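First comes the structure, then the notes that go with it.
Everything quoted here is computed from the prediction, not taken from an experiment. Chain identifiers are assigned alphabetically (A, B, ...) following the order of the sequence lines, protein sequences preceding nucleic acid strands; residue numbering begins at 1 within each chain. Note: hydrogens, waters and symmetry copies are ignored here, and every other heavy atom, side chains too, is used.
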Amino acid sequence: MASISRIFRTFFSTSVAKSPAKSFSDDLYKERNLKRVVHKFKKLSESHLFRKHANVYGNTVRRLASAKKFNWIEEILEDQKQYDEISKEGFAVRLISLYGKSGMFDHASKVFDEMPDRKCPQTVKSFNALLGACVNAKKFDKVDGFFKDLPEKLSVKPDIVSYNTAIKAFCEMGSLDSAGSVFDEIEKNGLKPDLITFNTLLVGFYGNRKFVDGERFWEKMMNASVSPDIRSYNARLVGLVAEKKLTEAVELFGELGSKGLKPDEFSYNAIIQGFCNDGDLEQAKDWYAKLVQSDSSPNKATFAILIRFACKTGDLDWAVELFKQTFREKCLLDPSVMQLVIDGLVKESRTEEAKKLVGIANSNKFRCYNLIIPAVEDE
DNA sequence: AAAGAGTGAC
């Protein structure tokens, strides 16, 4: 009797205690019905062990957000406010951040505003979480005001994360000069720009046809002894390609290895984009083949660029190949890009092939493409 | 337990 209960206890405690995160999440992730996910999440939240698993929160909220079930996100996150942890800054930060990523800025802002009522300290972490929520929820114009008013009001000193977030907001707004001014404020306030500071600025400038400014910040990065990583180089590749300096871009790509960096799919995409801009089908195909053989895999941007280009140049056989490949790679594209292939086939009277592709696209369970066979026009 | 940098359009 005693031994049986001991065996039972041992079995039970090891199976549960070994990986509580996994057992919690298994149950939740296997559930297909989102309404029941919400119910289970709230039930699980009663356990303080569950409430420690930030990643389960993130995954569940992301799932609900992609299904546009914002009322259910509200339901599970507001439900969290009944627990003691809401008085800990880390927990409030988590809610602010989750609301921000879901695009629910007002909810994020409310959690922040309620913190003092809950005797919850507001440090630079929650200040940054609020700024981050502005960026993620695309309320870029609010960042400037918060940055000017809140530090004094809360007596917090912005740190490098605060500055980086403000820079990101200005870049997203297209206010690149303001982003540059924020950069100048960093050193004036006794802080040092870091890799993220520079990468944010490089993407902002190089990516928005401001090549000269991009180069200016590249120099500043060197002078600050911040070593560029693959993201920095990718931003520069994009800049070179936009400047139609494709030869230089290819050259730079070739130098990556000697700098101890490995090109990733973003590096390849930059070069592929360059050759597509040039209308060079052979090179575009060649670089796609190189990407496939590399340690990286084509992503949705690769396919979007190449399918458009293949349809435009009339290489429908390749377009069909790429179309099929998106499913093997589980890449979900904008339906309008997929439709280009169908339209192209129909125009060439390859209707049977078009129907087959529509069948493939509309029967996959990851995304409803709703592609259609267009009526044939007489011209 | 806790904040920050990744894409696409002639």
Side-chain angles (χ1 to χ4, degrees), chain A residues 21 48-58 80 83-98 100-101 108 112 115 120-136 143 156 158-169 171-172 179 182 186 191 193-208 217 221 226 228-235 237-239 241-242 264-274 276-279 296 298-309 311-313 331 333-334 336-337 340:
Chain A
H48 72 283
L49 274 175
F50 176 82
R51 297 198 295 272
K52 287 187 177 177
H53 293 292
N55 58 334
V56 183
Y57 280 64
Q80 302 298 314
Y83 302 110
D84 290 345
E85 289 96 327
I86 193 65
S87 300
K88 305 281 184 210
E89 188 178 22
F91 200 76
V93 161
R94 185 196 294 174
L95 297 190
I96 292 168
S97 159
L98 290 170
K101 284 174 185 153
F112 182 84
M115 289 172 75
C120 182
Q122 283 173 314
T123 73
V124 69
K125 308 255 190 220
S126 42
F127 172 62
N128 289 344
L130 183 68
L131 296 182
C134 293
V135 170
N136 289 323
V143 171
V156 302
D159 63 10
I160 190 61
V161 175
S162 325
Y163 285 96
N164 289 349
T165 309
I167 288 173
K168 173 71 177 164
C171 286
E172 290 285 327
V182 176
I186 293 176
L191 296 166
D194 64 9
L195 180 61
I196 295 179
T197 316
F198 286 110
N199 282 355
T200 309
L201 286 161
L202 293 174
V203 168
F205 284 102
Y206 283 131
N208 286 288
F217 279 103
M221 176 166 53
V226 172
D229 68 356
I230 190 61
R231 287 187 178 202
S232 327
Y233 278 97
N234 289 343
L237 288 173
V238 167
V241 165
D264 63 11
E265 61 270 36
F266 294 85
S267 329
Y268 283 92
N269 286 353
I271 303 293
I272 289 172
Q273 178 76 69
C276 289
N277 291 347
D278 273 7
S296 308
N299 62 15
K300 55 188 279 192
T302 320
F303 288 117
I305 296 166
L306 288 176
I307 289 178
R308 279 175 189 287
F309 182 61
C311 289
K312 204 173 105 181
T313 56
C331 278
L333 268 70
D334 188 319
S336 67
V337 177
L340 288 175

Check your understanding: Is any N or O donor-acceptor pair between the side chain of A:D194 and the base of B:dG4 shorter than 3.5 Å?
Key -> yes
**Study point:** With A:V226 via side chain to side chain contact (heavy atoms under 4.5 Å, CB included) - residues at least two apart
**Key:** A:L195, A:F198, A:M221, A:A224
Point to revise | Integer-rounded Å distance: B:dG4 P and A:L130 CG | key: 12 Å
Practice item. For residues A:Q80 and A:I86, determine if any side-chain heavy atom of one lies less than 4.5 Å from a side-chain heavy atom of the other. Key: no
Review point. What's the closest nucleotide to the A:L195 side chain, out of B:dG4, B:dA1, B:dA5?
Key: B:dA5
Review point. Hey, does A:D229 reach any base, or is it just sugar-phosphate, or nothing, if we go heavy atoms under 4.0 Å?
Key: base
Name the atoms and distances for all side-chain donor-acceptor pairs under 3.5 Å in residues 91-98 of chain A, with sequence neighbours left out.
{"unit_1": "A:R94", "atom_1": "NH1", "unit_2": "A:R51", "atom_2": "O", "d": "2.9"}
{"unit_1": "A:R94", "atom_1": "NH2", "unit_2": "A:R51", "atom_2": "O", "d": "3.2"}

Practice item. Applying side chain to side chain donor-acceptor pair (under 3.5 Å), name anything that partners A:N136, two or more places apart in sequence or on another chain. Key: none
Check your understanding: Which residues pass the side chain to side chain contact (heavy atoms under 4.5 Å, CB included) test with A:I196, sequence neighbours left out?
Key -> A:N164, A:D194, A:T200
Point to revise | Nearest-nucleotide pick for A:V203, side chain only, options being B:dA3, B:dG4, B:dG6 | key: B:dG6
Study note, to complete from the structure: Rounded to whole Å, CG of A:D159 lies from P of B:dA3 at a distance of 12 Å
Exercise for review: Could you check whether A:S97 gets within reach of a base, just the sugar-phosphate, or nothing at all, counting any heavy atom under 4.0 Å?
Suggested key: nothing
**Study point:** Shortest side-chain distance from A:I196, nucleotide among B:dA5, B:dA1, B:dA3
**Key:** B:dA5
Revision key, fill the gap. In A:C276, A:C311, A:P298, the residue satisfying side-chain contact (heavy atoms from CB on, under 4.5 Å) with A:L306 is A:C276
Exercise for review: Mind checking ring-ring contact (aromatic ring centres under 6.0 Å, His included) for A:F112 and listing every partner two or more places apart, or none if nothing turns up?
Suggested key: none
**Study point:** Distance in angstrom units between A:K125 NZ and B:dA3 P, rounded
**Key:** 8 Å
Could you write out each protein N or O paired with an N or O of nucleotides 7-10 of chain B at a distance under 3.5 Å?
{"unit_1": "B:dT7", "atom_1": "O4", "unit_2": "A:N269", "atom_2": "ND2", "d": "3.4"}

Practice item. Give the rounded distance in Å between these two atoms: CZ of A:R51 and P of B:dA1. Key: 15 Å
Review point. Can you check the A:I186 CD1 to B:dA5 C1' distance for me, whole Å?
Key: 13 Å
Review point. Does A:K101 put a side-chain nitrogen or oxygen below 4.0 Å from OP1 or OP2 of B:dA3?
Key: no
Practice item. Return the value, rounded to whole Å, for the distance between atom CD of A:E172 and atom C1' of B:dG6. Key: 11 Å
Practice item. Return the value, rounded to whole Å, for the distance between atom CG of A:L95 and atom C1' of B:dA1. Key: 12 Å
Review point. Of the candidate nucleotides B:dA1, B:dA5, B:dA2, which contains the atom at the shortest distance from the side chain of A:V93?
Key: B:dA2
Point to revise | Distance in angstrom units between A:L191 CG and B:dG4 C1', rounded | key: 14 Å
